[in-house]
Amino acid sequence: MRIDIVTIFPEFFSVLDVSLLGTARKNGLLDVVVHDLRDFTHDRHRTVDDTPAGGGAGMVMRPEPWGEALDALLTEQSTVIFPTPAGSLFVQKQARELSGREHLVFCCGRYEGIDQRVIEHARARAEVIELSIGDYVLNGGEVAAMVVIEAIGRLIPGVVGNPESLVEESHEDGLLEYPSYTKPAEWRGLATPPVLLGGNHAAIAAWRHDQQLERTERVRPELLS
């Protein structure tokens, strides 16, 4: 998969060089290129923002540099993602769908956002998705883009060493994941549930499913509907 990221803070994405995604990049499973939006400006101040039309607080990102950036990056296989609190809620099902795309372009806005015409123009040329990672506001799209990239990247075949570990996770089957334990069997007066130590795989599977239901009903009851 190819991922292009456009941002005014390219250094933010140095974290992509570590952990599983860093290994995936080294092994050629994931090709990530970060672009500085200011490289697509032409004035000596490298201006990317201006006052909002109609007045109001803050600044809005100008369309010209974004247009040039997308001109340079878009292909027939591109899916353009705008992280925004005004977007649809990003969920695991969508992460799995996007992990099968050939080319993703993340447009990381700042200030009061990107001129809406950029989104409309991009939509006329490629698949465009506006995504939110939750009902709150961040200073820019970089954190949200990083969340989405990690959620997608770990689903690409070969990125996670044991693919079975991706199956029994929260949200994969609509439920939250069951609690996990390891050695020792007792720690600071707290014991591992005996069923996990008995070797009865059917009983363990039933216990884990019951735990999924209980946790989901307690923490995220809306998922059960």
Side-chain angles (χ1 to χ4, degrees), residues 1-52 58-75 77-87 90 94-95 98-99 101-119 121-123 125-134 136-156 159:
M1 173 187 283
R2 163 82 178 211
I3 296 178
D4 285 287
I5 305 167
V6 185
T7 172
I8 60 171
F9 295 114
E11 64 274 14
F12 181 93
F13 293 94
S14 61
V15 69
L16 288 170
D17 290 328
V18 301
S19 191
L20 290 176
L21 295 189
T23 302
R25 295 179 72 184
K26 292 177 183 177
N27 293 338
L29 296 173
L30 190 61
D31 180 17
V32 182
V33 181
V34 184
H35 308 268
D36 189 340
L37 179 66
R38 297 188 190 278
D39 290 341
F40 299 94
T41 61
H42 301 285
D43 65 300
R44 64 190 182 94
H45 298 295
R46 308 181 80 201
T47 306
V48 297
D49 62 317
D50 209 332
T51 55
M59 303 291 278
V60 175
M61 301 195 90
R62 295 177 60 92
E64 298 96 333
W66 280 108
E68 293 197 22
L70 292 175
D71 286 344
L73 298 175
L74 291 189
T75 71
Q77 290 76 39
S78 300
T79 295
V80 187
I81 298 176
F82 291 91
T84 167
F90 179 64
Q94 193 166 31
L98 290 173
S99 70
R101 299 290 203 278
E102 291 186 30
H103 183 215
L104 301 178
V105 180
F106 285 84
C107 299
C108 300
R110 280 269 155 177
Y111 317 121
E112 297 302 312
I114 302 171
D115 188 305
Q116 182 64 28
R117 292 170 294 180
V118 175
I119 300 171
H121 189 263
R123 187 172 282 122
R125 303 171 59 190
E127 178 187 23
V128 169
I129 304 175
E130 296 177 80
L131 287 181
S132 168
I133 61 169
Y136 45 85
V137 179
L138 302 170
N139 286 332
E142 287 79 12
V143 170
M146 190 62 248
V147 168
V148 176
I149 290 168
E150 176 151 327
I152 293 170
R154 64 191 299 276
L155 297 175
I156 296 173
V159 172

Exercise for the section: Test Arg110 against Leu37 for side chain to side chain contact (heavy atoms under 4.5 Å, CB included), laying out the working first. Expected result: CA-CA 11 Å; Arg110 280 269 155 177; Leu37 179 66; over 6 Å; no
Exercise for the section: Just do the side chain to side chain contact (heavy atoms under 4.5 Å, CB included) check on Val118 and Leu70 with the steps written out, would you? Expected result: CA-CA 9 Å; Val118 175; Leu70 292 175; 4.0 Å; yes
Between atom [atom1] of [X] and atom [atom2] of [Y], what is the distance when rounded to the nearest 0.5 Å?
X	Y	atom1	atom2	value
Leu74	Gln77	CG	CD	11.0 Å
Ile119	Gln116	CD1	CD	4.5 Å
Leu21	Leu29	CG	CG	10.5 Å
Glu68	Leu73	CD	CG	11.5 Å
Gln94	Ile129	CD	CD1	5.0 Å

Would you say [X] has more than 12 foreign heavy atoms packed within less than 6.0 Å of its [atom1]?
X	atom1	value
Arg117	CZ	no
Glu112	CD	yes
Asn27	CG	yes
His121	NE2	no

Taking the side chain as C-beta and beyond, is there a heavy-atom pair between [X] and [Y] under 4.5 Å?
X	Y	answer
Ile81	Leu98	yes
Asp115	Arg62	no
Leu104	Met1	yes
Leu30	Val159	no
Thr7	Phe12	no
Tyr111	Ile8	yes

Problem - Arg2: salt bridge (charged side-chain N to carboxylate O under 4.0 Å, His left out) partners, not counting sequence neighbours - result: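 Only Asp4, Asp31 meet the salt bridge (charged side-chain N to carboxylate O under 4.0 Å, His left out) criterion with Arg2.
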Donor-acceptor check, side chain of [X] to backbone of [Y], threshold 3.5 angstrom: yes or no?
X	Y	answer
Ser132	Gly134	yes
Thr41	Asp43	no
Arg123	Val128	no

Completion exercise
From the list Thr75, Ile3, Val80, side chain to side chain contact (heavy atoms under 4.5 Å, CB included) with His103 holds only for Thr75
Exercise for the section: Begin from the C-alpha positions of Arg46 and Asp39 and carry the test side chain to side chain contact (heavy atoms under 4.5 Å, CB included) through to its verdict. Expected result: CA-CA 8 Å; Arg46 308 181 80 201; Asp39 290 341; 2.5 Å; yes
Exercise for the section: Name all residues meeting the side chain to side chain contact (heavy atoms under 4.5 Å, CB included) criterion together with Ala145; count only those two or more places apart in sequence or in a different chain, and write none if there are none. Expected result: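 If we apply the side chain to side chain contact (heavy atoms under 4.5 Å, CB included) test to Ala145, skipping adjacent residues, the hits are Phe13, Pro83, Phe106, Cys108.
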Fill in the blank from the handout: So the side chain to side chain donor-acceptor pair (under 3.5 Å) pairs with at least one residue in residues 9-20 (sequence neighbours excluded) are Asp17-Arg25
